Amino acid sequence: MKNKAITLVMLGSIILTSCGNENENKTEKSNISEIVSTEKNSNESQKEILSKPFKDISKFAFGDNVETEVNTIPDNNNKEKVTRVNITYSTDSITSEKSAIDPYLIKVFSYLKKAKEEKLDYESIFFIYKSKSDNGEYYPLVKIEITKDQADKFDFDSNQPQDLKSIAKTYDSPENKISNNGKLELTWK
């Protein structure tokens with residue numbers, strides 16, 4: 001009888017111990033899930049925090065007809081850093097190349113000046129200026145990609161975007177450039 005009682009007590013202890021371990025494993029798994037979820041949310045909020053100044057400056061420089069996309073990657077410490085910012089400015093008015101470039105370059109220049117004043121860190125900013133064609137579609141008129149190193153060398157005191165003119169890539173006007181398949185054929189200048 002004593003052996004049966006001892007066996008029952010030992011069996012009960014084993015069952016209780018295994019149940020306890022199972023609960024501990026469930027708790028560990030849920031804690032790990034929470035950590036991964038928190039880390040993911042943290043990276044998303046890091047990206048949002050990094051994106052906000054770029055988006056604010058876009059509204060400041062270009063107004064409401066601007067789209068700003070901020071690309072980030074984690075650095076060695078798993079913190080997000082800005083690699084490239086894509087800024088697309090579109091105008092509904094049909095614009096000829098000559099009348100559009102100088103005012104657009106002034107907007108780009110003011111964007112870069114404000115980014116430098118706020119000491120924003122990035123690798124490059126890609127500006128695209130789109131204009132509406134006669135058929136109602138938007139086409140690129142000017143493209144400019146500027147690295148942070150290039151922007152840091154600009155003379156912002158002069159308020160003249162002369163440095164940008166040498167970097168800007170312009171497209172020919174879309175008039176008489178419609179191909180057989182109805183798409184615009186644009187060429188670099």
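Hydrogens, waters and symmetry mates are skipped; everything else that's a heavy atom, side chains included, is used. Quick caveat: nothing in here was measured; it's all calculated off a predicted structure. In this chain, numbering begins with 1 at the start of the sequence shown.
The closest side-chain heavy-atom distance from N86 to N71 is below 4.5 Å. The side-chain heavy atoms of F62 and T68, taken from C-beta on, include no pair separated by under 4.5 Å. Between T91 and Y104 there is no side-chain heavy-atom pair separated by less than 4.5 Å. R84 places none of its side-chain heavy atoms less than 4.5 Å from the side chain of E69. By the 4.5 Å heavy-atom criterion applied to side chains, L120 and I57 are counted as neighbours. In this structure the side chain of I125 never reaches within 4.5 angstrom of the side chain of E145, judged on heavy atoms. Between L112 and F156, the closest side-chain pair of non-hydrogen atoms falls below 4.5 Å. Under the 4.5 Å side-chain criterion, counting only non-hydrogen atoms from C-beta, F154 is in contact with L164.
No more than 12 heavy atoms of other residues, nucleotides or ligands shown are found within 6.0 angstrom of NZ on K52. Under a cut-off of 6.0 angstrom, the local environment of NZ in K130 is sparse, with at most 12 non-hydrogen atoms contributed by other residues, nucleotides or ligands.
Not one N or O on the side chain of K148 forms a donor-acceptor pair closer than 3.5 Å with the backbone of D121.
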CA sep, side-chain torsions, deciding dist, call: Y111, F60, ring pair (Phe, Tyr, Trp, His ring centres under 6.0 Å): CA-CA 8 Å; Y111 185 100; F60 164 78; 8.9 Å; no
List the steps and the verdict of salt bridge (charged side-chain N to carboxylate O under 4.0 Å, His left out) for D149 and K153. CA-CA 7 Å; D149 292 339; K153 294 176 186 172; over 6 Å; no
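By the criterion of side-chain heavy atoms lying less than 4.5 angstrom apart, applied directly or through intervening Ile, Leu, Val, Met, Phe, Trp or Tyr residues, F126 is not grouped with V142; the two fall into different hydrophobic clusters. Hydrophobic cluster membership differs between I128 and V85, with clusters built from Ile, Leu, Val, Met, Phe, Trp and Tyr side chains linked at under 4.5 angstrom. I167 and I87 end up in the same hydrophobic cluster when Ile, Leu, Val, Met, Phe, Trp and Tyr side chains are linked at under 4.5 Å.
In this structure, OG1 on T147 lies 7.5 Å from OH on Y122, to the nearest 0.5 angstrom. Interatomic distance, K132 NZ to E137 CD, rounded to the nearest 0.5 Å: 10.5 Å. Distance OG/S51 to CG/D56: 10.5 Å, rounded to 0.5 Å. Going from atom NZ of K47 over to atom NZ of K81 covers 14.5 Å, rounded to the nearest 0.5 Å. The distance from the CG atom of N78 to the CD atom of Q46 is 7.5 Å, given to the nearest 0.5 Å. Between atom CD of residue E80 and atom CD1 of residue I49 there is a gap of 11.0 Å, rounded to the nearest 0.5 Å.
Of all non-hydrogen atoms in V70 and F54, the two that sit nearest each other are CG2-CB, 3.9 Å.
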